[in-house]
Amino acid sequence: MRIPTRKKPEVLSPAGNLRGLKTAVDYGADAVYCGGKAFGMRSAPKNLSLEDFEEGSRYAHERGARVYVTCNVLPRNNEIEAMREYIGQLKDTGVDALIVSDIGVMMMARQVAPNLELHVSTQAGVTNYQAANAFYELGARRVVLAREMDLQAVRDIRANIPDDLDIECFVHGAMCMAFSGRCLFSNYLTGRDGNHGECAQPCRWKYSIVEEKRPGQYFPIEQTENGAYLFNSQDMNMLGHLDDLIDSGATSLKIEGRAKSAYYIAAMTNAYKTAVNEYMIQRGFEDADGNILLPFHDRVIRPSDPDYGQGTEDQVMRNADAAFAGVADEGYDRAVATSDAPEPDGMSSHARSTRRKSNTAVEQIETDWKHAAVRPAPHVELPEWLLEETDKVAHRDYSTGFYYPEHKVTQNTDRSAYFRSWLVVGEVLSWSADEGGRVTLMSRNKIEPGQQVEFLLPGERPLAYIVPEDGLRDADGTPVPAINNPAHVFSMPCPHQVPINAAIRSRTKKPTLKAE
């Protein structure tokens with residue numbers, strides 16, 4: 001059994017192992033992408049065996065979710081036949097789609113596994129509708145757009161491709177300093193091939209200048225005692241802007257992080273799924289119980305629509321061409337530069353040169369090209385607790401990536417560490433109604449009386465709870481003053497029913513710069 005493509009925006013979550021896959025599904029993922037033991041772009045996670053894919057696919061399908069497998073490395077000659085055999089094995093595991101980047105692998109997959117959907121990886125660098133249409137003609141049913149795209153580019157692609165060709169866009173997680181992840185930095189410095197899932201992330205490392213005649217003397221590039229992190233990109237966070245992205249034609253919303261913890265997967269999946277549900281309700285497609293009121297459709301105006309090109313310009317369209325103009329945060333408010341228009345204040349000579357060579361150049365041959373507009377709609381308002389969820393996982397400074405040219409992603413040159421103001425203190429093993437309610441948990445960090453904790457619940461606002469002054473017990477039922485031992489079983493009073501595997505988290509006493 002395979003689950004058909006969804007008819008509403010899809011929340012696509014990562015998984016580095018079988019537990020991560022099940023966690024994503026439990027917390028609302030419509031689909032999960034994961035790698036096998038070979039030919040995926042992430043080798044750090046344990047990844048899934050063929051048996052894991054079989055079990056994971058059954059688990060997902062029983063709950064209405066789909067499973068996609070990454071086969072998106074750029075293979076070498078001596079890997080071709082092994083990849084052919086691997087795809088032949090995958091086709092019988094029950095997975096729904098293969099994510100590929102190499103056109104030869106794509107053709108191979110059509111021959112070997114014709115029953116599987118083909119999704120074109122971001123590694124293929126799709127940046128325009130012609131490329132998307134070409135992949136569609138070759139059999140692809142989804143393109144994962146390059147992370148360098150702005151919202152207007154997403155709209156323009158959506159307006160000029162078939163409606164049954166999915167557009168997948170990144171919405172959350174780490175950004176790569178290279179174009180669509182195609183980078184040789186790690187190869188040069190460590191011998192670890194970034195295009196075979198072994199990237200050492202040297203873009204996150206600390207760098208200083210060394211003068212040729214002063215070996216051993218390191219001069220920080222910025223005025224800090226710790227040196228500088230030249231290429232350290234901010235993380236992406238589009239939670240508060242999902243309405244713009246969905247309105248612009250994104251079919252699938254991709255959370256990055258196959259090397260992340262089960263807690264990260266649960267928290268971010270839950271947040272984005274809740275946000276999509278809010279979008280569907282506020283846009284009038286569903287009621288609060290999930291009943292369909294109207295068929296879902298994005299708001300992009302296609303060339304075939306009678307109102308195409310009829311004065312629906314918005315701020316996204318006005319700033320669209322700034323993506324190539326080298327303009328800082330103030331933006332570039334003209335949709336198309338004209339020969340007699342003055343240069344924006346503060347634009348450097350380099351930026352002007354870039355603009356002259358870009359698609360905003362006045363020297364370009366005149367055409368009847370028009371950006372695709374979006375039918376206006378009120379902003380989807382998300383509750384404050386939901387917007388706060390992205391700060392409750394370890395993360396670098398956030399940005400909206402390249403979606404808004406006036407607010408592009410930048411680098412944090414003074415540090416590469418993560419912020420962590422919340423940490424997981426336990427995981428629910430069971431809940432019993434006995435004694436007025438009692439939760440048994442596996443401890444991860446200290447839990448003490450009076451401490452405020454939160455239970456992360458699927459599809460709901462987190463449950464805030466204050467640990468009672470007494471009633472804490474160890475695995476043998478012996479009373480204890482506090483839960484101090486990690487990886488041990490304890491129990492405590494809890495009148496609220498909570499699900500198995502729910503994470504228990506607490507605010508740190510002092511925010512740290514450390515990953516989970």
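- A donor and an acceptor atom, one from each side chain of Asn133 and Glu137, are nowhere located under 3.5 Å apart.
- In the model, Asp235 has no side-chain atom that pairs as donor or acceptor with a side-chain atom of His395 under 3.5 Å.
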*salt bridge (Lys or Arg N to Asp or Glu O under 4.0 Å) evaluation trace for Glu10 with Arg142*: CA-CA 12 Å; Glu10 172 190 86; Arg142 173 175 299 190; 2.8 Å; yes

*Could you go step by step and tell me if Glu381 and His379 meet the side chain to side chain donor-acceptor pair (under 3.5 Å) rule?*
CA-CA 6 Å; Glu381 297 291 340; His379 176 59; 4.6 Å; no

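- Residue Gly173 comes nearest to Tyr264 through the heavy atom pair CA-OH, 4.0 Å, listed as atom of the first residue, atom of the second, then distance.
- Taking a 6.0 Å sphere around CZ of Arg63, one finds it holds more than 12 heavy atoms contributed by other residues, nucleotides or ligands.
- Between the side chains of Asp96 and His61, at least one donor N or O lies within less than 3.5 Å of an accepting N or O.
- Minimum interatomic distance between Val105 and Cys71 (heavy atoms only, all atoms of both residues): CG1-O, 4.2 Å.
- One N or O on the side chain of Asp150 and one on the backbone of Ala153 form a donor-acceptor pair closer than 3.5 Å.
- Across every non-hydrogen atom of Pro162 and Tyr136, the tightest pair is CG-CE2, 3.5 Å.
- Between Arg155 and Asp298 there is no salt bridge, since none of the side-chain N atoms of the basic residue sits less than 4.0 Å from a carboxylate O of the acidic one.
- With no hydrogens or angles considered, no side-chain donor-acceptor pair links Ser101 and Gln123 at under 3.5 Å.
- With Tyr33 as the aromatic partner, Arg258 does not meet the cation-pi criteria of under 6.0 angstrom to the ring centre and within 45 degrees of the ring axis.
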